[in-house]
Amino acid sequence: MATVETEIVWVGDSGRAEALFAAISPDDPETFEVEILGNGDGTADLKIIVKGENLRSVRATVDDLLACLSAAESTLNAVSDS
């Protein structure tokens with residue numbers, strides 16, 4: 001059976017990358033792989049690879065991850081603004 005795969009890459013401050021990683025770690029880890037790649041300049045790439053049996057399941061996982069990441073980033077922004 002064919003599989004579907006997509007990749008999401010977020011680039012930014014390495015501390016934020018760690019926080020965003022922590023925000024999505026509890027989500028269904030069997031449906032995606034995630035890693036942080038340091039760029040050596042205080043920034044990092046948060047790389048997420050989503051795999052599934054069909055487009056529908058991959059899209060649902062991506063939607064969930066983006067919602068989680070958005071909420072975590074909004075929280076980080078609110079905390080840093082205070």
Side-chain angles (χ1 to χ4, degrees):
M1 179 182 282
T3 60
V4 177
E5 179 176 320
T6 192
E7 181 177 292
I8 302 167
V9 179
W10 177 93
V11 180
D13 176 75
S14 58
R16 277 187 174 241
E18 293 284 344
L20 294 173
F21 175 84
I24 62 171
S25 292
D27 268 9
D28 307 316
E30 65 277 353
T31 60
F32 63 91
E33 300 170 17
V34 62
E35 66 180 329
I36 296 175
L37 307 166
N39 296 325
D41 60 357
T43 66
D45 296 356
L46 177 65
K47 181 178 170 182
I48 305 163
I49 299 173
V50 181
K51 296 179 184 177
E53 294 181 7
N54 57 57
L55 285 171
R56 182 175 294 184
S57 66
V58 169
R59 180 177 178 198
T61 301
V62 168
D63 286 348
D64 289 346
L65 288 169
L66 291 176
C68 239
L69 290 168
S70 177
E73 193 166 42
S74 292
T75 301
L76 289 170
N77 289 341
V79 169
S80 68
D81 289 344
S82 356

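What you see is a predicted model, and the numbers here were worked out from it, not measured in a lab.
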Is the backbone N or O of Asp41 less than 3.5 Å from a side-chain atom of Asn39, with the two atoms forming a donor-acceptor pair by type?
no

Is a side-chain N or O of Asn54 found less than 3.5 angstrom from the main chain of Arg56, in a donor-acceptor match?
yes

Would Leu65 end up clustered with Leu37 when hydrophobic side chains under 4.5 Å apart are linked, directly or stepwise?
no

Single-linkage hydrophobic cluster Val34~Ile49, side-chain heavy atoms < 4.5 angstrom
no

In Å, rounded to the nearest 0.5 Å, how long is the span from CD of Glu7 to CD1 of Ile48?
9.5 Å

Count I, L, V, M, F, W, Y as connected when their side-chain heavy atoms are under 4.5 Å apart, and connections chain through other members. Are Val4 and Val62 then in the same cluster?
yes

Measure the CG-CD distance between Asp13 and Glu18 for me, rounded to the nearest 0.5 Å.
10.0 Å

Between atom OG1 of Thr61 and atom CZ of Phe32, what is the distance when rounded to the nearest 0.5 Å?
8.5 Å

Closest heavy-atom pair and its distance - Leu20, Glu73:
CD2-N, 3.9 Å

Specify the closest pair of heavy atoms between Ser57 and Gly52, including all atoms of both residues, with the distance to one decimal.
OG-CA, 4.0 Å

OG1 of Thr31 to NZ of Lys51, rounded to nearest 0.5 Å, is 11.5 Å

For the hydrophobic clusters of this structure (ILVMFWY residues joined by side-chain heavy atoms under 4.5 Å, transitively), does one cluster hold both Val9 and Leu69?
no

Closest contact, heavy atoms only, Ile24 versus Cys68
CG2-CB, 3.9 Å

Shared hydrophobic cluster for Ile8 and Val11 (ILVMFWY, side-chain gaps under 4.5 Å)
no

